[in-house]
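First comes the structure, then the notes that go with it.
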Protein chains: 2
Amino acid sequence: MDAGDGLRMAAERPNSRATMKDVARVAGVGVGTVSRVVNGKSNVSEESVAAVNAAIERLGFRRNDGARMLRTGATASIGLLVEDVADPFFSLLNRSVEEEVLRRDSVLLTASSDKDPERARKMILTFCARRVDGLVITLPEGGDEEYLRAELDAGTSMVFVDRPPRVLDVDAVIVDNRGGARTGVAHLIGYGHRRIACFTDRPDLYTASERISGYRDALEEAGIPFDPELVYSSATTREPVDEPLGRMLASDDPPTAVFAGNNRTSINVISALRIHKTSLAIVGFDDFELADVVVPGITVVAQDPKAMGRIAMGMLYKRLDGNVSPSQTIRLPTRLIVRGSGELSRDAVLAAR
Amino acid sequence: MDAGDGLRMAAERPNSRATMKDVARVAGVGVGTVSRVVNGKSNVSEESVAAVNAAIERLGFRRNDGARMLRTGATASIGLLVEDVADPFFSLLNRSVEEEVLRRDSVLLTASSDKDPERARKMILTFCARRVDGLVITLPEGGDEEYLRAELDAGTSMVFVDRPPRVLDVDAVIVDNRGGARTGVAHLIGYGHRRIACFTDRPDLYTASERISGYRDALEEAGIPFDPELVYSSATTREPVDEPLGRMLASDDPPTAVFAGNNRTSINVISALRIHKTSLAIVGFDDFELADVVVPGITVVAQDPKAMGRIAMGMLYKRLDGNVSPSQTIRLPTRLIVRGSGELSRDAVLAAR
DNA sequence: ACAGTGCGTGGAAACGTTTCCACGCGGCCG
DNA sequence: CGGCCGCGTGGAAACGTTTCCACGCACTGT
């Protein structure tokens, strides 16, 4: 078998890539030697290395990682499931997970659940069928968690992000939603407000219900009675809120401030206020680009999606490296960013009426 | 070999998943039959189907797609490389590509080049080593395109997005940057403006240079002389622009309008105008959330990243299905969204001075 | 009765790697 | 001078699928 033979052989299968066998033939060595060269093993003679590299160059050989994984069992890939990769929060999370994955020379599979438990399930099982080394999951509400147990038992590591597991014994990294909301609302109370409206997502969402709890915590701490009339949970975050806000403003004892439970709702509230030509103090949960471009800048309780991704990947890789300590849930602190909208005092709001 | 035997066998390798062989043993059939059942082939007796399904259930078997692909050659996976998955534009593109990938029951590998040609190269080659069926690529400027040719020749289909190929013969879908910029600037001219500043990205970026060309086209059409003093290309999009804007405003013949070449620059311009306590007419390229929340709302030349992803995937799958027609570049139209900032007339701006 | 047909089936080969084992060969030490 | 070591090497087995081939069996039509 000489070099010409090998070349001809590769040419005979036009749309198929050269394999180690082809390379071996062209280089005049065995496949074992090719494998050793490709993987940079030391015990190969210089001539062999040169011959193999020349053949690789000539044939445009590229190792088939799929085959490699079948043999070695490690796929060097991580699956990420979030609600929506186009959401500002999750896209930052995505990016920071990617950064960690890259550091380990792995590859990242991504998918959006779109809040659909069935879609989430399908994607996760697909990832498992691909035998990813680990999973980073934001599990949508309302689905069954149980099917994950089988994958867990089969040895697939996973970390939950943004939401804690309900029954599964897995690591998680979440945001201190309750504490953050409490801080934000307390900030408003500090400026004299006692009638504070609360606009959030559907309350069956974990994050939304936690933030509502934090809102109530702050009220309670200040001895302010909770008024359900001041709480509005929209079905979707795209839904405008000018109608419910208008109702509150028209009441006997209208709010002088608003706590918005997520960034899209913050925007909806701003639009609604503009429609009603009023200004109230606002604190929003979750920072957003341009929060400092509107006037006044929007004071927010900021989360740190990048840290969430980084920490989640740290936990995951520890598991992959064999850590078997009991699972833990890490609660990330939030940060209040003061920009003006939250520092409008009760007196100033009332004076403008 | 009875069922108990198979179970014991699976249990003996605790952290390893059951294989078709295990299933076959437990079900008392051959691996061929298991494969047929798993793949829903028709010519299997009902008893066999039942037995196999029972065994699958019992062992928690899940087909190893990696092995399957090695055999079949199709990996049912697509690689996506963009500049940054956390960028609003690219994250929407990402999502729409994901949607198409999902429809074909494939899986999506994603990566951010971070504008680094070397990083891009590494990720693309990694994807190729994984033998993705196809690639969707936003290639960073300044790198060599040549290494892609080998992959192309080896049979990996690819589509370029957001930027056309320089030398390679591949499909692409891009935005009509030049025409869109022309339209936006013409819109300003329509409101009487003749001194229009232009803030963009680094001009060595394809999109930025195209938009500058469009800006010049509009001026030329209206017989307005081009003044390089009114053009500022920032090194990075995070860089504030209050200093260069200040210089322009202090000149003998200051601008009365601004064309901002991308959404982050639009924001920078808004901030800078606020610092200088002036208002000019503004038209920005690329829409952004909240463009309608600031006052006045920002008039923009909108792109459609979702369409870009959808169309790119359509082209890619056509290639995968065997289409060998000459490669083409599709240029997506832009859409002017009128919100107020672009309709501030020259007279109004001058009157406020 | 007998070839032909079709269906359900089991098993082996193949996909492209990695890994392990064994071999040949030179040099070193006893 | 003979055994031993170690190095570079080739080749076979294995990873978990799919696919193909061949077999046995029950029909069918002549």
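Just so we're on the same page: letters track the sequence lines, and every chain starts at 1.
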OP1 or OP2 of [N] sitting under 4.0 Å from any side-chain N/O of [X]?
| X | N | answer |
| --- | --- | --- |
| A:Arg63 | C:dT17 | no |
| B:Thr72 | D:dT17 | no |
| A:Ser45 | D:dT9 | yes |
| A:Asn43 | D:dG6 | no |
| B:Lys41 | C:dG8 | no |
| B:Lys21 | C:dG11 | no |
| A:Asn39 | C:dT18 | yes |
| B:Ser35 | D:dT17 | no |

For A:Val38, report the nucleic acid contact type (base, sugar-phosphate, nothing); a contact means any heavy atom under 4.0 Å.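 No contact at all - A:Val38 keeps every heavy atom at 4.0 Å or more from the nucleic acid.
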
Within the structure shown, what part of the strands sits under 4.0 Å from B:Thr33 by heavy-atom distance: base, sugar-phosphate, or nothing?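 Sugar-phosphate, backbone atoms only, no base.
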
Under the 3.5 Å rule, do the base of D:dG16 and the side chain of B:Arg17 count as making a donor-acceptor pair?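 Per atom types, no contact qualifies.
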
Donor/acceptor link under 3.5 angstrom from B:Arg71 side chain onto base of D:dT18: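 Present.
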
What I want to find out is whether [X] reaches [Y] closely enough, with some N-O distance under 4.0 Å, to be called a salt bridge.
| X | Y | result |
| --- | --- | --- |
| B:Lys306 | B:Glu99 | no |
| A:Lys122 | B:Asp105 | yes |
| A:Glu145 | A:Arg163 | no |
| A:Arg104 | A:Asp321 | yes |

Residue whose closest nucleotide on DNA chain C lies nearer the 5' end, B:Glu47 versus B:Arg131: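 With B:Glu47 and B:Arg131 compared, the 5'-side residue is B:Glu47.
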
Among the candidates C:dG11, D:dG16, D:dG10, find the nucleotide nearest to the side-chain atoms of B:Arg36.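 Closest of the options to the side chain of B:Arg36: C:dG11.
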
